[in-house]
Amino acid sequence: MDSATTITTRLNDFMKQEGLSLSQFAQKIGLNIGTLSYILNGNRTLSIEQLDLITECMGLAKGYFYNQYFEEVLVESTPNWRRIKPFIYGCAEIGNWDLIHKAVQLLLDTLVYSSHLFDVAEDFYKSGKKEAAIILYENVALSERNQHSERLALCQYRLFICKLGNDQRKKLSSSNTI
C-alpha cells in the first residue's frame, strides 16, 4: 500500500474494482448513502466504527487501516475524545499497543483528558486487558505526578497489580519500580 494513498482513495479504488456503485457499497456496509458520499468527498470525517464496517466489507482484518486513520484523522485535527476513545478501544481489541500509546500522547498535553483516560484504563483493567490498561495508567500517572492525587495513587497500585505474575523474579522487579 502506497503511504500517500488515503483511505478514501482506497475505498474508491475498491468500489471500482468490485464494480460497486455508491448506493450498492453503502448498502453492503450498512451506511446511509449520503453519509458515505460525504465521507468519500471529504465533507465528513470517518468514524472508527464506520471504518471497521468498511474494512470488514473489503475482506480485510480489523485494524487494517488504523495506522492510516491515526495519521489522516487523529494527528491532522485537534484532539477529540469522541474520536480517540473508540480508536483506543479498537486498538486494544486487536492488540495494537503502539497505536494506543501514540493516541494517548495526543491527549496528554491537555490535562482534562487525564480523567477520561483513567476511566478507560479502569475499564480495561476490569475486563482483563492489562496491556492496554498499563499503557493508560502509566501515562495518567505521568500527567498527574505533581498532583499528589488519589488517581495517581490508584494508577500506581493498578500498575503494580497488573505487573504481578506467577514469576517471583518479575514480582520482585515490579515492586522495585514503584
Side-chain angles (χ1 to χ4, degrees), residues 1-7 10 45-56 58-147 149-178:
M1 171 171 62
D2 180 12
S3 62
T5 305
T6 64
I7 294 172
R10 293 284 310 272
T45 304
L46 188 64
S47 74
I48 201 70
E49 293 87 359
Q50 292 164 336
L51 182 63
D52 287 341
L53 288 172
I54 290 168
T55 304
E56 181 182 348
M58 293 174 74
L60 302 170
K62 181 174 182 165
Y64 181 83
F65 289 113
Y66 280 13
N67 282 312
Q68 221 170 337
Y69 183 86
F70 178 79
E71 295 297 329
E72 289 179 25
V73 177
L74 301 181
V75 171
E76 293 299 319
S77 62
T78 305
N80 181 326
W81 182 245
R82 290 182 314 161
R83 290 198 203 298
I84 293 178
K85 180 182 176 183
F87 181 76
I88 290 172
Y89 275 96
C91 289
E93 190 176 318
I94 63 170
N96 194 329
W97 318 128
D98 186 47
L99 279 178
I100 292 174
H101 184 73
K102 287 179 179 181
V104 169
Q105 295 306 307
L106 291 175
L107 296 174
L108 287 180
D109 289 338
T110 309
L111 289 178
V112 74
Y113 292 116
S114 184
S115 63
H116 296 303
L117 289 171
F118 179 78
D119 292 341
V120 173
E122 286 287 277
D123 190 33
F124 287 156
Y125 176 79
K126 290 172 185 165
S127 65
K129 295 178 179 157
K130 289 184 179 180
E131 295 87 354
I134 287 170
I135 294 168
L136 298 179
Y137 284 133
E138 287 175 342
N139 283 286
V140 170
L142 283 173
S143 72
E144 300 222 352
R145 67 180 174 269
N146 296 324
Q147 306 298 320
S149 69
E150 183 179 323
R151 187 168 35 231
L152 173 61
L154 194 50
C155 282
Q156 293 294 0
Y157 173 73
R158 294 279 198 235
L159 284 167
F160 176 74
I161 296 299
C162 285
K163 291 179 180 180
L164 286 179
N166 294 332
D167 185 350
Q168 293 298 324
R169 287 188 203 120
K170 284 185 181 179
K171 286 183 182 181
L172 179 61
S173 171
S174 68
S175 67
N176 289 335
T177 61
I178 294 180

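Count residues from 1 along the sequence. These values consider heavy atoms only, across backbone and side chains, with no hydrogens, waters or symmetry-generated copies.
- Applying the side chain to side chain donor-acceptor pair (under 3.5 Å) criterion to Glu76, with sequence neighbours excluded, gives no partner residue.
- Taken to the nearest 0.5 Å, the CH2 atom of Trp81 stands 11.5 Å off from the CG atom of Leu106.
- For residues 115-135, every residue pair satisfying the salt bridge (charged side-chain N to carboxylate O under 4.0 Å, His left out) rule, not counting sequence neighbours, is listed here: Glu122-Arg158.
- Interatomic distance, Gln68 CD to Ile7 CD1, rounded to the nearest 0.5 Å: 5.0 Å.
- In this structure, Ile135 and Asn139 approach most closely via the heavy-atom pair O-ND2, 2.7 Å.
- Thr55 approaches Ala61 most closely through the heavy-atom pair CG2-O, 3.2 Å.
- Rounding to the nearest 0.5 Å gives a distance of 5.0 Å between CG of Leu74 and CD1 of Ile84.
- Across all non-hydrogen atoms, the minimal contact from Ala132 to Phe124 is CB-CD1, 3.4 Å.
- In this structure, the separation between CG on Leu51 and OH on Tyr66 is 6.5 Å, given to the nearest 0.5 Å.
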Give the C-alpha distance, both sets of side-chain angles, the deciding distance and a yes or no for side chain to side chain contact (heavy atoms under 4.5 Å, CB included) between Asn67 and Asp98.
CA-CA 10 Å; Asn67 282 312; Asp98 186 47; 5.6 Å; no
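- More than 12 heavy atoms of other residues, nucleotides or ligands shown are found within 6.0 angstrom of CD on Gln105.
- Expressed to the nearest 0.5 Å, how far CZ of Phe70 lies from CD1 of Ile48 amounts to 11.5 Å.
- Across Ile134 and Leu159, no two heavy atoms sit closer than the pair O-CD2, 3.7 Å.
- Using a 4.5 Å heavy-atom cutoff, the side chains of Ile54 and Leu60 are not in contact.
- Legend: residues meeting side chain to side chain donor-acceptor pair (under 3.5 Å) with Asn96, ordered by chain and number and at least two apart, are absent.
- Not counting sequence neighbours, the partners of Ser47 by the side chain to side chain donor-acceptor pair (under 3.5 Å) test are Glu49, Gln50.
- Smallest separation of non-hydrogen atoms from Ala141 and Leu152: O-CD1, 3.5 Å.
- Scanning all heavy atoms of the two residues, the minimum distance from Val140 to Arg151 falls at CG1-CD, 4.1 Å.
- By the side chain to side chain donor-acceptor pair (under 3.5 Å) test, Tyr113 is found to be paired with no residue, residues two or more places apart in sequence or in another chain being considered.
- Put simply, the side chain of Leu136 does not reach to within 4.5 Å of the side chain of Phe118, judged on heavy atoms.
- Between the OG1 atom of Thr45 and the CZ atom of Arg82 there is a distance of 10.0 Å, given to the nearest 0.5 Å.
- Classification of the Tyr69-Phe87 ring pair by plane angle, with boundaries at 30° and 60°, yields parallel.
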Might you work through the side chain to side chain contact (heavy atoms under 4.5 Å, CB included) test for Arg10 and Phe65, ending with a clear yes or no?
CA-CA 10 Å; Arg10 293 284 310 272; Phe65 289 113; 3.9 Å; yes
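- Contacts classified as salt bridge (charged side-chain N to carboxylate O under 4.0 Å, His left out) and involving residues 83-95 (residues at least two apart or in different chains) are given here: Lys62-Glu93.
- Using a 4.5 Å heavy-atom threshold, the side chains of Leu117 and Leu107 count as touching.
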